[in-house]
Amino acid sequence: MRGTELRRTAFIPFFPESDSLSPPLTYSRRETTLHSPLMCLNLPTFLNVMEAPKPENAERKTLDDRQKMTDLERLRHSAAHVMATAIARLWPDAQFASGPAVENGFYYDVELEHRITPEDFPAIEAEMKKEIKANHVFEKLIVTREQAFADAQKGRLGALAERPAPSKFKIGNLADIPEGEPISYYKSGDFIDLCAGPHVMRTGNIGAYKLTTVASAYYKGDEKNPQLQRIYGTAFKNKTQLDEYFKMQEEAKRRDHRKIGAEMGLFVLDAEFVGPGMPLWLPKGTVLVEELEKLAKETEFAAGYVRVRTPHLAREKMYKTSGHLPYYAESMFPPMELDEMETEREELTSRLRQAELKVGEFVDGVMTKDSGKGGAIFEVSEDGSLQRSGPFLVKALDGLKRDYSIPPAVEAAADEFRRLKPKFDSLPPIDRYFLKAMNCPHHHRIFAAEPRSYRDLPLRLAEYGTCYRYEQSGELFGLMRVRSLNMNDAHIYCTEDQFASEFKAVNDMYLKYFKIFGLEKYQMRFSTHSKEGLGKKYVNEPELWLKTEDMVRRVLNESGINYVEVANEAAFYGPKIDVQVWSAIGREFTIATNQVDFAVPAKFGLTYRDRDNQDKTPLCIHRAPLGTHERFIGFLIEHYAGNFPLWLAPDQVRVLPVTDAQMDYAQGIVNELRGQQVRVELEFSNDKLMGRIQRAEERRVHHILVVGQREQEANNVALRIHGQGQQGVKPRAEVVAEILAAIRERKA
RNA sequence: GCCGGUGUAGCUCAGUGGUAGAGCAUUCGAUUCGUAAUCGAAUGGUCAUCGGUUCAAAUCCGAUCACCGGCUCCA
């Protein structure tokens with residue numbers, strides 16, 4: 001924000017010391033009417049100054065949206081009402097907030113003195129059973145806004161009867177309903193709730209239900225609001241479907257990547273020495289990482305990409321230029337600071353601070369005497385924030401000179417400030433290095449490293465870049481959400497004319513990968529900007545946004561990609577496509593992302609010389625079809641339940657001689673396969689064959705070759721495939737050839 | 001970051017104020033064995049960390065850290 005000569009000033013009572021040499025503290029905006037040069041603001045307390053801005057209103061579903069609820073969602077939403085009824089019977093003073101249907105069931109948020117635990121579930125479920133047995137009709141009542149407020153005041157909403165305390169959250173919900181929208185209740189038995197519906201006809205239609213967990217959530221999702229208990233449950237038409245759901249949950253638990261990762265020795269998370277969210281890849285896990293890299297490198301090479309390598313660090317200027325710093329700073333590790341003038345800086349800082357304090361104290365004192373109130377003086381900058389800088393205080397002191405006599409010590413402090421400030425300002429800035437949270441800025445500098453012609457485009461720079469993101473501690477989750485990550489990253493610089501075909505090629509690459517990994521269900525989420533966010537959440541280029549989004553939409557339509565469009569979720573520099581895939585057991589994962597960037601190349605001043613001899617800014621496509629190794633491998637572990645196809649399997653082949661008379665024969669097979677880059681080992685421990693097979697199966701060794709005297713004599717092997725049992729005895733050469741082919745073709 | 005839960009051997013878990021346990025894994029010994037577990041022995045723990053209560057703490061209390069389930073965020 002640019003400063004002006006005409007500063008405005010505020011006098012805030014009871015404010016602590018300031019520090020003008022660290023970045024100025026900024027306080028939220030306040031409506032003020034001010035006159036110059038100095039004046040008093042009569043703010044009742046300091047706390048009022050700290051009032052936070054109102055959070056953006058969460059998007060509200062329109063009535064039309066609600067009518068689109070599926071039958072299952074209606075049933076679950078109705079189950080939420082029934083659960084609330086049951087809770088209200090057990091704890092009549094419960095205050096309900098909202099209770100929607102969600103992906104796997106429903107929840108209801110409730111404020112209640114009693115802390116609900118899973119031990120309470122049987123009692124709640126028993127009450128629910130009564131409600132369902134009674135088969136109440138879900139009755140819709142249209143009421144006036146006044147009526148609704150009156151009932152809420154009487155505590156009647158989200159309740160079985162009127163209560164002494166008002167239904168406070170329902171009052172809050174009412175306030176969010178736009179003028180003109182009809183207000184309705186749903187009544188089932190004694191329970192009346194403020195609700196837009198829709199519901200099933202009768203409580204008896206809720207076939208099968210079960211409470212699952214209890215968690216906490218803020219009212220309306222805002223951490224400044226009261227914290228509520230969120231009781232989760234799920235419901236289905238019938239018991240069979242409910243049982244299937246829980247079976248699937250069990251299966252997901254069995255396939256949990258953390259569990260299988262530990263069993264197979266793929267990775268460890270060493271929070272104590274390495275840090276939370278920073279996986280160490282063990283040898284078996286590294287196999288997965290490197291096989292994926294190999295796949296991506298081959299695929300990208302064939303598609304005309306070139307590979308680059310960049311360091312893990314970059315100077316502050318990089319991220320200031322890219323614009324990541326203001327938008328993204330919270331997600332980056334704090335910078336490493338190199339300061340060659342550290343001693344001088346500290347010395348000057350301390351002397352300036354002392355001088356400033358002295359001046360500030362005097363000015364505050366004068367103001368206090370004038371106003372009769374204790375407090376401190378501030379300048380109000382153009383954006384309404386309050387600041388208190390040294391130069392400002394010295395200037396304020398000058399303003400007082402006409403009417404007040406300044407003590408010599410204060411004058412001396414002001415002089416010292418005037419003398420040292422320029423010195424301080426002329427110190428070279430502190431050199432700050434950031435761990436990179438993304439690779440694009442480095443790649444932009446590679447683009448900038450040489451003059452570029454339109455003949456060089458499209459330029460596709462690919463890198464397995466390691467990035468570091470400071471995810472909040474509560475976000476970390478196994479491999480799925482980490483702080484150090486490896487991205488299958490690339491940036492495609494192209495002209496507008498090339499955009500459509502490049503973007504289509506990227507999509508085709510996704511589809512190719514899906515096929516290799518046997519992903520049958522996928523969806524692309526096309527995230528676009530919102531007008532309101534321009535200049536805040538999004539770079540302020542309204543026309544470019546529309547134009548780019550239109551290009552993307554056209555390609556998606558033309559190539560018949562399965563996608564949905566979501567407004568207001570784009571990246572700050574352009575529209576984004578998140579790729580969602582569903583694992584073999586039907587769980588959804590957001591695996592990759594694909595972004596169009598029309599803003600950052602310009603910030604870096606990237607240009608190419610076009611046919612017409614003009615310099616033009618390229619478009620940039622950010623794409624990472626395999627996302628991060630961490631998340632992708634986490635996903636694959638669940639998808640395959642750890643039973644990777646041969647080409648990916650950390651243990652591809654294990655040869656088991658029946659007795660040590662076959663050791664040489666077995667060793668020969670091992671040598672042959674190892675010579676062909678196959679991950680094979682020989683096992684001859686003290687255990688019986690049965691035991692060794694058991695262990696090989698447990699370790700998920702893909703091919704188990706048993707060789708006894710019979711096989712050795714005929715130059716055969718007895719083949720066993722993990723999870724598929726014995727495959728019979730085959731000629732050694734045939735088995736070796738099959739193994740090599742399956743690996744080469746990346747057979748599923 | 002916020003709320004709640006959990007933390008005992010490498011893994012899975014017993015142990016409710018009175019001398020830290022089991023199975024598997026590991027190591028050693030015996031067994032030479034034909035398709036999902038041979039037998040025996042040994043090793044292994046500051047009971048997450050720090051502090052408090054107590055004659056006595058894995059056990060009770062507090063703080064911190066990590067993990068888990070959510071919220072917010074996100075690849």
Side-chain angles (χ1 to χ4, degrees), chain A residues 55 58 102 107 109 115-118 212-232 256 258-259 262-263 265 268-272 275-277 328 330-331 437-438 467 469-483 485-489 569 571 576 578-580 589-595 622-632 634-635 656-663 684-699 701 704-711 718-723 725-729:
Chain A
V102 289
Y107 66 79
D109 284 346
R115 198 149 273 292
I116 295 178
T117 69
T212 48
T213 54
V214 49
S216 79
Y218 298 106
Y219 179 51
K220 291 184 188 173
D222 185 333
E223 59 181 279
K224 286 173 200 73
N225 284 338
Q227 194 134 28
L228 307 172
Q229 303 186 54
R230 176 167 292 183
I231 323 295
Y232 279 92
D256 189 310
R258 293 161 300 185
K259 189 172 174 275
E263 274 169 26
V268 289
L269 287 160
D270 179 357
E272 194 183 354
Y328 211 84
E330 271 182 23
S331 300
M438 66 291 297
C467 297
R469 295 185 182 175
Y470 190 76
E471 302 291 352
Q472 295 180 48
S473 60
E475 321 294 351
L476 301 175
F477 172 63
L479 288 180
M480 293 297 177
R481 212 44 198 283
V482 292
R483 285 184 175 162
L485 42 106
N486 271 273
M487 272 198 290
N488 165 222
D489 209 359
E569 285 192 13
K576 149 178 122 165
D578 286 313
V579 182
Q580 294 172 292
F589 291 80
T590 298
I591 219 73
T593 189
N594 187 0
Q595 296 165 0
H622 305 235
R623 42 107 283 168
L626 302 179
T628 70
H629 283 329
E630 288 73 15
R631 185 174 288 186
F632 196 75
F635 163 77
L656 311 186
V658 176
T659 73
D660 50 11
Q662 292 86 45
M663 281 294 268
F684 188 74
S685 61
N686 280 337
D687 294 305
K688 288 187 165 172
L689 184 61
M690 285 279 271
R692 287 185 279 150
I693 283 170
Q694 163 90 21
R695 247 198 325 282
E697 290 281 1
E698 274 173 355
R699 293 306 299 258
V701 177
I704 300 163
L705 309 185
V706 177
V707 290
Q709 194 184 347
R710 296 196 294 270
E711 286 76 21
L719 175 63
R720 180 185 176 98
I721 293 181
H722 170 58
Q726 293 186 62
Q727 307 291 309
V729 177

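Every chain is numbered from 1, with letters handed out A, B, ... down the list of sequences.
- Between A:Arg483 and A:Arg469 the shortest side-chain heavy-atom distance does not fall below 4.5 Å.
- With the nearest nucleotide of RNA chain B identified for both A:Val579 and A:Arg258, A:Arg258 has the one nearer the 5' end.
- In this structure, A:Tyr328 atom OH and B:C73 atom P are separated by 14 Å, rounded to whole Å.
- In terms of polar N and O atoms assigned as donor or acceptor, the side chain of A:Arg481 comes within less than 3.5 Å of the base of B:C73 in a complementary pairing.
- Taking atom C1' on both B:A75 and B:C50, the two are 37 Å apart, rounded to the nearest angstrom.
- Here A:Glu263 lies out of heavy-atom contact (under 4.0 Å) with every strand.
- Spacing of C1' atoms, B:G18 relative to B:A66, comes out at 31 Å, to the nearest Å.
- With A:Glu711 contributing its side chain and A:Gly708 its backbone, the two residues share a donor-acceptor pair below 3.5 Å.
- Here the side chains of A:Glu475 and A:Tyr470 are not in contact, with every heavy-atom distance at 4.5 Å or above.
- In this structure, B:U31 forms no base pair with any nucleotide, since neither Watson-Crick nor G-U wobble geometry is met with both distances under 3.5 Å.
- With rounding to whole Å, A:Leu626 atom CG is found 16 Å from B:A75 atom P.
- For A:Val482, the side-chain contact (heavy atoms from CB on, under 4.5 Å) partners are A:Pro279, A:Leu485, A:Glu630, not counting sequence neighbours.
- Every residue two or more places apart in sequence or in another chain that forms a side-chain contact (heavy atoms from CB on, under 4.5 Å) with A:Gln580 is listed here: A:Gln523, A:Arg525, A:Trp582, A:Glu588, A:Thr590.
- Separating the P atom of B:C39 from that of B:U8 is a span of 29 Å, rounded to the nearest Å.
- Across all strands, A:Thr628 comes closer than 4.0 Å to base atoms (heavy-atom distances).
- Nucleotide B:A9 has no partner under the Watson-Crick or G-U criteria, as no pair reaches both atom distances under 3.5 Å.
- Pair assignment for B:U26 gives B:A42, based on Watson-Crick or G-U wobble hydrogen-bonding distances that are each under 3.5 Å.
- Applying the 4.0 Å criterion to OP1 and OP2 of B:C2, one finds that A:Arg230 has every side-chain N and O outside that range.
- The gap from the C1' atom of B:A58 to that of B:C71 amounts to 33 Å, rounded to the nearest Å.
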Collect all protein-nucleotide pairs involving nucleotides 3-14 of chain B in which both atoms are nitrogen or oxygen and the distance is under 3.5 Å.
residue	atom	partner	partner atom	Å
B:C3	O4'	A:Gln227	OE1	3.0
B:C3	O4'	A:Gln227	NE2	2.8
B:C3	O2	A:Ser216	OG	2.9

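- To the nearest whole angstrom, the two P atoms, one in B:U12 and one in B:C67, are 16 Å apart.
- To the nearest whole angstrom, the two P atoms, one in B:U54 and one in B:U72, are 45 Å apart.
- The nearest whole Å value for the distance from the CG atom in A:Leu479 to the C1' atom in B:C74 is 16 Å.
- Qualifying salt bridge (Lys or Arg N to Asp or Glu O under 4.0 Å) partners for A:Glu698, counting only residues two or more places apart in sequence or in other chains: none.
- Across all their heavy atoms, A:Ile721 and A:Gln727 have their closest contact at CG1-CG, 3.8 Å.
- Both distances falling under 3.5 Å, in either a Watson-Crick or a G-U wobble arrangement, place B:C55 opposite B:G18.
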(message) At under 4.0 Å between heavy atoms, how does the protein contact nucleotides 28-38 of chain B? Give one character per nucleotide, 5' to 3', with B, S or -.
(response) --BBBBBBBBB

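- Rounded to an integer number of Å, the gap from NE2 of A:His622 to P of B:A75 is 12 Å.
- The base of B:A75 lies outside donor-acceptor range of the side chain of A:Glu475, with no N or O pair under 3.5 Å.
- With contacts defined as side-chain heavy-atom distances shorter than 4.5 Å, the pair A:Val658/A:Gln709 does not qualify.
- Taking the side chain as every heavy atom from C-beta outward, A:Pro657 and A:Arg692 approach each other to under 4.5 Å.
- For A:Asn686, there are no side-chain contact (heavy atoms from CB on, under 4.5 Å) partners at least two apart in sequence or on another chain.
- With a cut-off of 3.5 Å on both Watson-Crick or G-U wobble distances, the partner of B:U72 is given as none.
- A heavy-atom distance below 4.5 Å is found between the side chains of A:Asp109 and A:Arg230.
- Here the P atom of nucleotide B:C71 and the CD atom of A:Gln472 are 14 Å apart, to the nearest Å.
- Along RNA chain B, the nucleotide nearest A:Leu485 and the nucleotide nearest A:Leu476 are compared for position; the residue whose nucleotide lies closer to the 5' end is A:Leu476.
- Atom CG in A:Asp256 sits roughly 12 Å away from atom C1' in B:C67 (whole-Å rounding).
- Using a 4.0 Å heavy-atom criterion, one finds that A:Gly634 contacts no nucleic acid atom at all.
- Contact annotation: A:Tyr232 side-chain N/O to B:C71 OP1/OP2 distance is under 4.0 Å.
- Residue contacts shown for A:Lys259 are absent, as no nucleic acid heavy atom lies under 4.0 Å away.
- When every heavy atom of A:Pro276 is checked against every heavy atom of A:Leu476, the shortest pair comes out as CB-CD1, 3.8 Å.
- In this structure, B:C50 and B:G62 make a Watson-Crick or G-U wobble pair, each of the two defining distances being under 3.5 angstrom.
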